[in-house]
Amino acid sequence: MRDAVLSGLSDHGYPGLTIEYVAEHSGVHKTTLYRRWGGLEGLVADALDLAGEDTWTPPDTGSLEGDLRALAREVVDAFGDRAEAAAPTAFVAAAFQSPRAADALRAFYAERLTRCEAVVARAVARGEAAADTDAGALVRAVSAPLMLRLFITREPIDTALADQSAAAVLAATRAGAFARR
């Protein structure tokens with residue numbers, strides 16, 4: 001079922017995804033889909049919930065600079081190629097149209113941010129960041145310029161922009177900009 005939802009989002013986006021498409025591509029009768037998931041919102045939210053059960057771990061390059069650069073470049077890798085970006089972009093679009101999808105997307109990224117706390121903990125242990133550094137704020141700041149271009153201004157992103165974002169966050173970290181308030 002999840003694969004059918006992802007495929008439908010990739011092929012048609014959230015507005016074009018239908019219960020009929022998911023039923024046809026999953027082999028599950030549409031009445032079962034409605035009964036179990038209540039409709040498209042439930043299917044998309046469930047697919048996002050399952051996406052959070054992956055084995056992704058944040059990078060560990062040996063330095064905060066390298067870890068930030070790697071995190072930013074992962075955003076470029078995930079969203080820079082139109083074919084690769086279709087499903088994650090559709091999830092973001094769905095979040096603007098569906099409260100359940102928005103909740104699921106928020107939970108997905110909250111889990112990712114929690115996993116990224118290790119990046120900051122290692123940086124603190126190496127003396128690259130202050131002990132009071134807000135890991136969530138720091139990690140959000142790395143991807144924020146990339147997400148702005150992707151979803152607001154619809155500009156292209158590349159590794160140069162990823163590296164620039166990482167460098168800016170590194171400088172801000174060194175200046176204490178991400179201290180917990």
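Side-chain atoms are counted along with the backbone in the values below, which use heavy atoms only and exclude waters and symmetry mates. Quick caveat: nothing in here was measured; it's all calculated off a predicted structure.
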| Roughly how far, to the nearest 0.5 Å, is the CG atom of Leu170 from the CG atom of Asp163? | 12.0 Å

| request: Could you tell me whether the side chain of Ser98 and the main chain of Ala101 form a donor-acceptor pair under 3.5 Å? | output: yes

| Any idea which heavy atoms bring Ser165 and Ala141 closest together, and the distance? | OG-O, 3.8 Å

| said: Looking at every non-hydrogen atom in both residues, tell me the closest pair between Leu17 and His12 and how far apart they are. | reply: N-CB, 4.2 Å

| message | Is the shortest side-chain heavy-atom distance between Pro59 and Arg73 below 4.5 Å? | response | no

| Backbone of Val28 reached by a side-chain donor or acceptor of Thr32 within 3.5 Å | no

| query | Out of curiosity, Tyr109 OH to Arg115 CZ, how far, rounded to the nearest 0.5 Å? | reply | 12.0 Å

| query | Does Thr133 reach the main-chain N or O of Ala130 with its side chain, forming a donor-acceptor pair under 3.5 Å? | reply | yes

| Quick one: are Ser63 and Glu128 in side-chain contact, heavy atoms under 4.5 Å? | yes

| task | Can you measure from CZ (Phe108) to CG (Asp103) and round to the nearest 0.5 angstrom? | result | 15.0 Å

| Test item: Thr61 side-chain N/O and Asp67 main-chain N/O as donor-acceptor pair under 3.5 Å | yes

| request: Of all the heavy-atom pairs spanning Ala72 and Ala162, show the shortest one and how long it is. | output: CB-O, 3.4 Å

| query | Is there a path of hydrophobic side-chain contacts, each under 4.5 Å between heavy atoms of I, L, V, M, F, W or Y residues, that connects Val139 with Val92? | reply | no

| message | For residues Phe79 and Val142: do they belong to one hydrophobic cluster (side chain heavy atoms under 4.5 Å, members Ile, Leu, Val, Met, Phe, Trp, Tyr)? | response | no

| task | Please check if Leu68 and Phe178 belong to a single hydrophobic cluster, counting links between Ile, Leu, Val, Met, Phe, Trp and Tyr side chain heavy atoms closer than 4.5 Å. | result | yes

| query | Roughly how far, to the nearest 0.5 Å, is OH of Tyr34 from CG of Leu43? | reply | 9.0 Å

| query | Say you draw a straight line from CG of Asp46 to CD of Glu41; how long is it, rounded to the nearest 0.5 Å? | reply | 13.0 Å

| said: Check whether Thr173 reaches the backbone of Ala129 with its side chain - one donor and one acceptor, N or O, closer than 3.5 Å. | reply: no

| In this structure, are over 12 heavy atoms from other groups packed under 6.0 Å from Arg180 atom CZ? | yes

| field | Sidechain-backbone polar pair: His25 side chain, Tyr21 backbone, donor-acceptor under 3.5 Å | value | yes

| request: For the pair Arg122 and Arg126, evaluate side chain to side chain contact (heavy atoms under 4.5 Å, CB included) and give the outcome as yes or no after the intermediate values. | output: CA-CA 6 Å; Arg122 291 190 303 261; Arg126 290 188 299 258; 3.6 Å; yes

| note | Note: Ile19 and Lys30 closest approach over all heavy atoms is CG2-CB, 3.4 Å

| Are Phe91 and Phe96 near enough that their ring centres are under 6.0 Å apart? | no

| request: Determine whether the side chains of Glu155 and Thr153 contain a donor N or O and an acceptor N or O closer than 3.5 Å. | output: yes

| query | Taking it one step at a time, do Leu71 and Val75 satisfy side chain to side chain contact (heavy atoms under 4.5 Å, CB included)? | reply | CA-CA 7 Å; Leu71 282 169; Val75 174; over 6 Å; no

| field | Reported CG-to-OG1 distance for the pair Leu40 and Thr18, which is rounded to 0.5 angstrom | value | 7.0 Å

| task | Go through Val76 and Leu161 one step at a time and tell me if the side chain to side chain contact (heavy atoms under 4.5 Å, CB included) criterion holds. | result | CA-CA 9 Å; Val76 171; Leu161 180 64; over 6 Å; no

| Side-chain (Glu117) to main-chain (Ala135) donor-acceptor, under 3.5 angstrom | no

| message | With heavy-atom distances below 4.5 Å as the criterion, would you say the side chains of Val120 and Val124 are in contact? | response | yes

| Can you check side chain to side chain contact (heavy atoms under 4.5 Å, CB included) on Asp3 and Ser26, steps first, answer last? | CA-CA 8 Å; Asp3 290 340; Ser26 68; over 6 Å; no

| task | Report yes or no: do Phe151 and Leu146 belong to one cluster of Ile/Leu/Val/Met/Phe/Trp/Tyr joined by side chain heavy-atom distances under 4.5 Å? | result | yes

| So, for Trp56 and Glu74, which heavy atoms are closest and what is the spacing to 0.1 Å? | NE1-OE1, 2.8 Å

| task | Indicate, with yes or no, if Met147 and Leu105 share a hydrophobic cluster defined by side-chain heavy-atom contacts under 4.5 Å among Ile, Leu, Val, Met, Phe, Trp and Tyr. | result | yes

| Beyond-backbone contact of Val44 with Arg100, side-chain heavy atoms, under 4.5 angstrom | no

